[in-house]
Amino acid sequence: NKPLHLGHLRNNFLGYSVARILEAAGHEVIKVQIINDRGIHICKSMVAWQKFGNGETPSSSGLKGDKLVGKYYVAFDRAYKEEAAELVTGGMTEEEAKKQAPILLEAQSLLHRWEQSDAEVVDLWKTMNGWVYDGFGKTYTEMGVDFDKLYYESDTYLLGKDQVAAGLESGVFFKKDDGSVWIELSDEGLDEKLLLRKDGTAVYMTQDIGTAILRYSDFPGLERQIYTVGNEQEYHFKVLFTILKKLGVEGAEKNHHLSYGMVELPEGKMKSREGTVVDADDLLEEMANTAREMATELGKIDDLSEEEKDVLFKQVGYGALKYFLLKVSPTKSMRFDPKASIDFIGNTAPFIQFNYVRAASMLAKCEEAGFNTSTESLDASVWDVDELRLIQQALMWPATVELAAAQYDPSLVANHTYDLTKAFSRWYQDHPVLGEENAAVRDARIALTQCVAHQIKTAMGLLGIDMPKRM
RNA sequence: GGUUCCGUAGCUCAACUGGAUAGAGCAUCUGCCUUCUAAGCAGACGGUUUUGGGUUCGAGUCCCAACGGAAUCACCA
């Protein structure tokens, strides 16, 4: 229920790209998204909307749905802090005040009523969730990310609770005096972990147990289940996987947490509450605008229609962003400077796109001139050292895909593509094609250009980056 | 404090999983557009791979320690 930010972009681009790479390596991939539509956080937005919203809706405010709901999440947090501070002034300890703030109690009560299927609460929940999905949907479309199946935690938490009940029966879990349910994982170095609150409501872990089990039964015979989630949740997934094993769930051994590093801003890490986040929608828009400015300045595409230009600016701007986020090893945290980070020259997607466009443009001219553009039966003896080096680079592609798939690492694909493009760009500089008089040499160069262009397009496709025809 | 991860050019990142002279981009400086798109190319500058030990024929990579940074250890998700 918080608007998508830069961290989500890294997450989604990474997950999407890994899926494409695994497919390229011959695996069948099912992309699923778990939607966290249940829990105390939703109730917080709901309470704040009830109290301060005055019936505001996306259409009445003109705000994107997820932004509107996010606004009330922030409003909740502000009110909550004020109330807690007042209680402290009234003589309560800070710890106690954080538990007793009236607005928090209201949110907890809403969660409880929601789990009891209280009609009024469920209605509001449906409405506000609808706004969020609507907003997220727009952003996902822009990102070029899609899923084969969506899981809603509101559908899976009950399954999780069943599992907790079963685990309690079999002695995997235990109940404390206040009625809360726990698992003891000290032997694994993971401490005690809560599975059900004392009021009987589910927590994050409960839902994830349910979701995991549902997926095993939905897709029997899964070779591997990969969770693309930030490294801040490493502990959570260690615990989850351990619990699933202890419950004896079939397939529990096949889980993998694809853990990626945080995106940090120059002033430190992003914090929604302090407003130091880079909003996904804003950033995407800014990227396309930068591409527009750049192209307008260069003036090479003035004859394109407005529609064609819009497509192009998104290809270039979004491509630059995707490449920027994917060229770094997933496990590493990365720094992002909104003003300086994203370049359109150097080791970037626009550089690669530019060279693809040059190749495509040149091939089109060869076509027009009636040259032999077939890649069959060419004379390989004419290649010089630069060309052999370029070919050598291109031949590393299959191994690169295999390694990237094995390690779930799109940065290997990005770096290979850059090296290939760099080699091509260098070669292009002093190896004319159209003006080459020796037909054998010319045909060999045409074939080479075709192969390189094709590989660039394929490789960038695995990163979710489109190649324009002109730029 | 426990656990996990990280430390490579001024900045952002590579380094084919232990191999030869540690490579790119940005930034700075110098050249190259009457020739297939200059969002390009060539060159210069920039390194005791945080530090100290160890293993090895060989270490940025593996082990130990120190220093520095991050994440996590919630009846948040």
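Note: hydrogens, waters and symmetry copies are ignored here, and every other heavy atom, side chains too, is used. Lettering follows sequence order; numbering is per chain, from 1.
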**OP:** Tell me what S180(A) touches on the nucleic acid: a base, only sugar-phosphate, or nothing, going by heavy atoms under 4.0 Å.
**Re:** base
Practice prompt. Taking the side chain as every heavy atom from C-beta outward, state whether D208(A) and E153(A) have any atom pair closer than 4.5 Å.
Written response: yes
Touch class at under 4.0 angstrom, heavy-atom based, for V433(A) against every strand present
base
To the nearest angstrom, the CG-C1' distance between D337(A) and A27(B) comes to 13 Å
Under 4.0 angstrom between K422(A) side-chain N/O and C41(B) OP1 or OP2:
yes
For a quick test of reading the model: is some side-chain N or O of R358(A) closer than 4.0 Å to OP1 or OP2 of A38(B)? yes
From NE2 of H236(A) across to C1' of A74(B) the rounded distance in Å is 13 Å
Query raised in the report: Base, sugar-phosphate, or nothing: which does V328(A) touch, judged by heavy atoms less than 4.0 Å apart?
Result: sugar-phosphate
Say we look at A24(B) and A65(B): how far apart would their C1' atoms be, to the nearest angstrom? 34 Å
Here the distance between atom P of C16(B) and atom CG of L395(A), to the nearest Å, is 20 Å
Does K193(A) put a side-chain nitrogen or oxygen below 4.0 Å from OP1 or OP2 of C75(B)? no
**Asked** NA contact type, L298(A), heavy-atom cut-off 4.0 Å: base, sugar-phosphate, or nothing?
**Response** base
> Should the heavy atoms of other residues, nucleotides or ligands under 6.0 Å from CD of E297(A) be counted, would the total exceed 12?
Replying inline: no
S329(A) near the nucleic acid: base, sugar-phosphate alone, or nothing, with a heavy-atom cut-off under 4.0 Å? sugar-phosphate
> H431(A) near the nucleic acid: base, sugar-phosphate alone, or nothing, with a heavy-atom cut-off under 4.0 Å?
Replying inline: base
Only one of F237(A), Y235(A), Y227(A) passes ring pair (Phe, Tyr, Trp, His ring centres under 6.0 Å) with H257(A), and that residue is F237(A)
- prompt: Between T201(A) and E115(A), does any side-chain donor sit less than 3.5 Å from a side-chain acceptor?
  reply: no
F354(A) CZ to C41(B) P, in whole Å, measures 8 Å
Closest of C13(B), A39(B), A77(B) to the V316(A) side chain is A39(B)
Heavy atoms only, 4.0 Å cut-off, all strands: where does K198(A) land among base, sugar-phosphate and nothing? base
(message) Between E188(A) and K246(A), does any NZ, NE, NH1 or NH2 come within less than 4.0 Å of an OD or OE carboxylate oxygen?
(response) yes
*asked:* What contact category does F351(A) fall into here, base, sugar-phosphate, or nothing, at under 4.0 angstrom with non-hydrogen atoms?
replied: sugar-phosphate
What nucleic acid atoms does M471(A) come within less than 4.0 Å of, heavy atoms only: base, sugar-phosphate, or nothing?
-> base
